[in-house]
Amino acid sequence: MSTPARHQVRQSFERAAATYDQAAGVQRLACKILAEQLPQSLSATPRLLDAGCGTGYALPLLQAFAPTAEVLALDLAPAMLARAHAATARIQGDLECLPLATACIDLYWSSLAWQWCDPARALAEARRVLRPGGYFLLCSLGPATFTELRQAFAAVDDYPHTLDFLAGDTLLQLAQSAGFPALELRCQRATVHYPDVRHLLQAVKAVGANQLGPGRRTGLMGRAAFSRLRTAYETQRQVAGLPLSYDLILLSGTA
């Protein structure tokens with residue numbers, strides 16, 4: 001699996017901070033699905049980490065779940081972090097190298113941030129900062145994400161236009177190698193519909209998920225290329241509009 005350089009990820013989400021919330025419907029859905037997996041018991045005064053918090057949508061959910069908790073919001077992009085107002089503390093940091101002490105977290109939560117990371121490094125760091133008996137909750141993206149977009153772009157050029165997302169079974173194996181004893185794997189599909197290709201691409205750009213990864217197209221698409229993309233995508237149109245699928249991979253369990 002190839003992941004984009006960390007500075008590219010930070011720059012992309014810095015640019016997307018102002019538009020992220022208005023286009024982050026699937027991101028909000030992922031948080032709600034994760035919230036259903038929250039453990040029934042934690043320590044009396046737990047410390048919770050939202051790893052890759054974005055603009056902080058999950059923070060009120062975590063505070064409602066554990067009102068006495070210390071909630072730490074961590075993100076790579078300062079502009080995203082600046083919008084996460086509901087946290088006890090805001091920390092600029094990398095999921096692959098957390099600026100936190102070993103065994104200091106009771107609940108590690110991360111929603112739709114790991115697809116931009118080296119998963120083995122992020123898993124090792126998550127395992128390191130969790131206290132014995134701490135709880136791990138992750139939602140990431142699987143290989144069926146953006147299937148329709150990849151299929152349409154195949155009619156335009158040979159550039160990769162999305163990341164190579166890991167399958168859930170592979171992520172589960174990496175978690176076991178990192179020292180997580182027994183995590184539960186769940187998969188769920190979410191599909192968003194758009195009136196046309198232009199609105200679809202604008203929505204992807206608004207959440208910072210465009211132009212990332214090695215070998216990508218660096219120049220703008222011309223009119224002819226865009227016309228081919230639009231024609232190819234129209235063959236996939238459904239009653240609700242042009243579909244864009246998200247393959248949600250969920251891992252949960254005790255460290």
Side-chain angles (χ1 to χ4, degrees), residues 1 3 9 12-13 16-17 19-39 48-66 71-77 80-81 83-84 86-87 95 105 107-117 119 122-123 126 135-149 162-172 174-175 180 183-194 200 203-210 212 240 243-253:
M1 175 183 176
T3 55
V9 176
S12 183
F13 286 96
T19 57
Y20 185 88
D21 285 338
Q22 67 191 43
V26 171
Q27 287 74 10
R28 291 190 288 271
L29 173 63
C31 286
K32 292 177 181 178
I33 294 172
L34 268 191
E36 295 172 357
Q37 305 300 310
L38 284 166
L48 316 183
L49 173 66
D50 185 350
C53 66
T55 57
Y57 177 81
L59 298 175
L61 297 177
L62 293 173
Q63 290 183 329
F65 167 70
V71 180
L72 309 181
L74 181 143
D75 202 89
L76 187 63
M80 286 282 193
L81 194 61
R83 296 170 180 267
L95 275 66
I105 297 297
L107 173 70
Y108 180 105
W109 162 296
S110 188
S111 183
L112 299 191
W114 273 40
Q115 59 270 19
W116 318 117
C117 299
L123 277 162
Y135 206 79
F136 176 81
L137 271 175
L138 170 72
C139 183
S140 190
L141 295 179
T145 299
F146 294 170
T147 299
E148 304 91 348
L149 185 61
T162 71
L163 296 178
D164 294 325
F165 302 107
L166 279 185
D169 289 342
T170 302
L171 195 55
L172 185 59
L174 289 173
F180 286 94
L183 297 182
E184 179 184 350
L185 170 65
R186 292 177 55 210
C187 301
Q188 184 167 332
R189 182 72 65 90
T191 302
V192 184
H193 294 86
Y194 298 92
L200 185 150
V204 172
K205 181 179 180 179
V207 296
N210 66 315
L212 285 173
L244 185 65
S245 293
Y246 290 77
D247 182 12
L248 302 180
I249 307 295
L250 300 106
L251 286 180
S252 61

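Nothing here was measured: the structure is a model prediction, and the numbers come from that model.
- The shortest distance between side-chain heavy atoms of W109 and C53 does not fall below 4.5 Å.
- For the atom pair R186 CZ and L251 CG, the distance stands at 11.0 Å (nearest 0.5 Å).
- Of all heavy-atom pairs between L171 and P119, the closest is CD1-CB, 3.9 Å.
- Taking 4.5 Å as the limit, some side-chain heavy atom of D169 sits within range of a side-chain heavy atom of L185.
- Annotation: side chain of F165 is not in contact with side chain of S140 (no heavy-atom distance under 4.5 Å).
- When all heavy atoms are compared, the tightest approach of A144 to T147 is O-OG1, 2.6 Å.
- The CG atom of L138 sits 9.5 Å away from atom CD1 of I249, with the distance rounded to the nearest 0.5 Å.
- To the nearest 0.5 Å, atom SG of residue C117 and atom CG of residue L166 are 11.5 Å apart.
- E148 pairs by the side chain to side chain donor-acceptor pair (under 3.5 Å) definition with S245, not counting sequence neighbours.
- In this structure, T145 has no side chain to side chain donor-acceptor pair (under 3.5 Å) partners at least two apart in sequence or on a different chain.
- Exactly one residue among L250, L248, L29 makes a side-chain contact (heavy atoms from CB on, under 4.5 Å) with L34. That residue is L250.
- The shortest side-chain heavy-atom distance between L200 and L149 falls under the 4.5 Å cut-off.
- For Y108, the ring pair (Phe, Tyr, Trp, His ring centres under 6.0 Å) partners are F136, not counting sequence neighbours.
- Closest approach of K32 to Y57, counting heavy atoms only: CE-OH, 3.1 Å.
- By the 4.5 Å heavy-atom criterion applied to side chains, L74 and L95 are counted as neighbours.
- Between the CD atom of Q115 and the SG atom of C139 there is a distance of 8.0 Å, given to the nearest 0.5 Å.
- Scanning all heavy atoms of the two residues, the minimum distance from A51 to S110 falls at O-OG, 2.7 Å.
- The distance from the CZ atom of R28 to the CG atom of L61 is 11.5 Å, given to the nearest 0.5 Å.
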* To do: Let me see the working for V26 and L244 under side chain to side chain contact (heavy atoms under 4.5 Å, CB included), right down to the final yes or no.
  => CA-CA 11 Å; V26 171; L244 185 65; over 6 Å; no

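- Separation of atoms CG (L172) and CZ (F180) is listed at 11.0 Å; rounding is to 0.5 Å.
- Smallest separation of non-hydrogen atoms from A73 and L81: O-CD1, 3.5 Å.
- Evaluated for a side-chain contact (heavy atoms from CB on, under 4.5 Å) with L72, the options I105, L48, D50 yield exactly one hit, I105.
- The heavy-atom pair separating P39 from L107 by the smallest distance is CD-CD1, 4.3 Å.
- Between the T55 side chain and the R83 main chain, no donor and acceptor come within less than 3.5 Å of each other.
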